[in-house]
J.: 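Got a structure for you, written out below as structure tokens; questions coming shortly.
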Amino acid sequence: MAGKHSPNTLRNYLAIHETALQRLSRDGFVESHDLSLVPLGGGAIMMEGKIQCEGGLVCTVEKILAIVDATDGDNPLVQTARFAYNVHVAGHHNLFRYDNVHAYKGHADASHRHAFDWRTGEAGEIRWVGAEWPTLGEVLEEARGWFWEHRQELA
């Protein structure tokens, strides 16, 4: 797979990840996070945790990085195999979730976006995103855009 979801060394992957989080922190949108990496058996690493954002938005992250090539021991080649990014409003309901942890009828693959009404929790559109699924940084940018459009409603 070419492009933003291509295999990358773990160090480069984490540097890109940290750069996105730091930029959003400097801008004041990301307030804190507890993301951690957990080695899994079978040649994989899990990234999990929560990112606390402005306006009470929270992004829960569960991502499996497959180790594609472990030749470089401390800096293996990794690629996202499974992902779930769930954004909700603290004290309320989900806003949206991107994931590939289950197939959805009629979609060419498992990568899709769920929409929700954050006030009621009612499920909305499920849209296939395929190979164009967003990076975590892009999900946070989408959440920030939603916050700026709806900040008056959150007050």
Side-chain angles (χ1 to χ4, degrees), residues 1-90 93-116 123-148:
M1 174 183 296
K4 65 185 179 183
H5 300 303
S6 297
N8 204 341
T9 65
L10 182 60
R11 278 192 204 112
N12 284 344
Y13 178 89
L14 293 176
I16 292 166
H17 169 79
E18 277 302 313
T19 298
L21 283 178
Q22 287 173 2
R23 182 178 45 78
L24 289 161
S25 293
R26 275 193 313 273
D27 293 350
F29 182 67
V30 168
E31 296 174 346
S32 66
H33 73 84
D34 66 1
L35 295 176
S36 63
L37 296 177
V38 179
L40 301 175
I45 302 167
M46 176 181 266
M47 177 184 282
E48 62 182 353
K50 294 185 186 302
I51 303 170
Q52 307 292 328
C53 302
E54 191 171 14
L57 271 63
V58 179
C59 180
T60 303
V61 177
E62 294 178 1
K63 178 189 288 199
I64 304 288
L65 300 173
I67 297 175
V68 177
D69 183 347
T71 306
D72 190 0
D74 291 342
N75 192 27
L77 196 62
V78 298
Q79 185 172 28
T80 300
R82 291 273 193 204
F83 66 92
Y85 308 129
N86 189 76
V87 177
H88 74 274
V89 178
H93 299 280
N94 291 339
L95 272 176
F96 59 87
R97 179 177 69 245
Y98 286 93
D99 71 67
N100 71 346
V101 297
H102 59 90
Y104 189 74
K105 185 178 180 180
H107 290 179
D109 64 33
S111 300
H112 57 276
R113 181 189 188 276
H114 298 261
F116 302 91
E125 175 190 31
I126 299 174
R127 177 174 43 92
W128 176 66
V129 294
E132 294 303 313
W133 53 274
T135 64
L136 177 55
E138 291 168 336
V139 168
L140 292 171
E141 288 290 355
E142 182 178 341
R144 179 167 61 173
W146 184 93
F147 166 74
W148 280 104

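Since the model is a prediction, treat every value here as computed from it, not as a measurement.
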J.: Output, in order, the C-alpha distance, side-chain angles, deciding distance and verdict of side chain to side chain contact (heavy atoms under 4.5 Å, CB included) for Asp72 and Leu10.
T.: CA-CA 10 Å; Asp72 190 0; Leu10 182 60; over 6 Å; no
J.: Tell me the closest heavy-atom pair linking Pro76 and Gly73, and the distance in Å.
T.: CD-O, 3.6 Å
J.: Give me the ring orientation class for His112 and His102: parallel if the planes are under 30° apart, tilted from 30 to 60°, perpendicular past 60°.
T.: perpendicular
J.: Are the side chain of Asn75 and the backbone of Arg11 linked by a donor-acceptor contact shorter than 3.5 Å?
T.: yes
J.: A side-chain contact here means heavy atoms from C-beta on lying under 4.5 Å apart; do Leu95 and Leu57 qualify?
T.: yes
J.: Determine the minimum heavy-atom distance between Val101 and Arg82, stating which atoms define it.
T.: CA-NH1, 3.5 Å
J.: For Glu54 and Glu31, indicate whether the former's side chain and the latter's backbone hold a donor-acceptor pair under 3.5 Å.
T.: no
J.: Do Asp109 and Asn100 get their side chains close enough for a donor-acceptor pair, meaning under 3.5 Å?
T.: no
J.: Give me the atom names and distance for the closest heavy-atom approach of Leu24 to Glu141.
T.: CD2-OE2, 3.5 Å
J.: Can you see which heavy atom on Lys63 is nearest to which on Leu65, and at what distance?
T.: CD-CD2, 3.8 Å
J.: Starting at NZ of Lys50, measure out to NE2 of His33 and round the result to the nearest 0.5 Å.
T.: 14.5 Å
J.: Heavy atoms, side chains only, cut-off 4.5 Å: are Leu21 and Leu140 in contact?
T.: yes
J.: Tell me whether the count of non-hydrogen atoms from other residues, nucleotides or ligands lying under 6.0 Å of CG in Asp34 goes above 12.
T.: yes
J.: Is there side-chain contact between Tyr85 and Glu142, with heavy atoms separated by less than 4.5 Å?
T.: no
J.: For residues His17 and Leu136, report the shortest heavy-atom separation together with the two atoms involved.
T.: CE1-CD2, 3.6 Å
J.: Should Gln79 and Leu77 count as side-chain neighbours, where that means a heavy-atom distance under 4.5 Å?
T.: no
J.: Rounded to the nearest 0.5 Å, what separation is found between the CZ atom of Phe96 and the SG atom of Cys59?
T.: 7.0 Å
J.: Are the charged groups of Glu62 and Arg97 less than 4.0 angstrom apart, N to O?
T.: no
J.: So do Phe147 and Cys53 actually touch side chain to side chain, heavy atoms under 4.5 Å?
T.: no
J.: Between Ile45 and Val78, what is the shortest heavy-atom contact and its length?
T.: CD1-CG1, 4.5 Å
J.: What's the verdict on side chain to side chain contact (heavy atoms under 4.5 Å, CB included) for Ile16 and Thr135, showing C-alpha distance, side-chain angles and the deciding distance?
T.: CA-CA 10 Å; Ile16 292 166; Thr135 64; over 6 Å; no
J.: Look at the aromatic rings of Trp133 and Phe83 and report parallel, tilted or perpendicular, splitting at 30° and 60°.
T.: parallel
J.: Report yes or no: does Gln22 contribute a side-chain atom to a donor-acceptor pair with the main-chain N or O of Thr19 at less than 3.5 Å?
T.: no
J.: With a 4.5 Å limit on heavy-atom distance, are the side chains of Val61 and Val139 in contact?
T.: no
J.: Classify the ring geometry between His114 and Phe116 as parallel (under 30°), tilted (30 to 60°) or perpendicular (over 60°).
T.: parallel
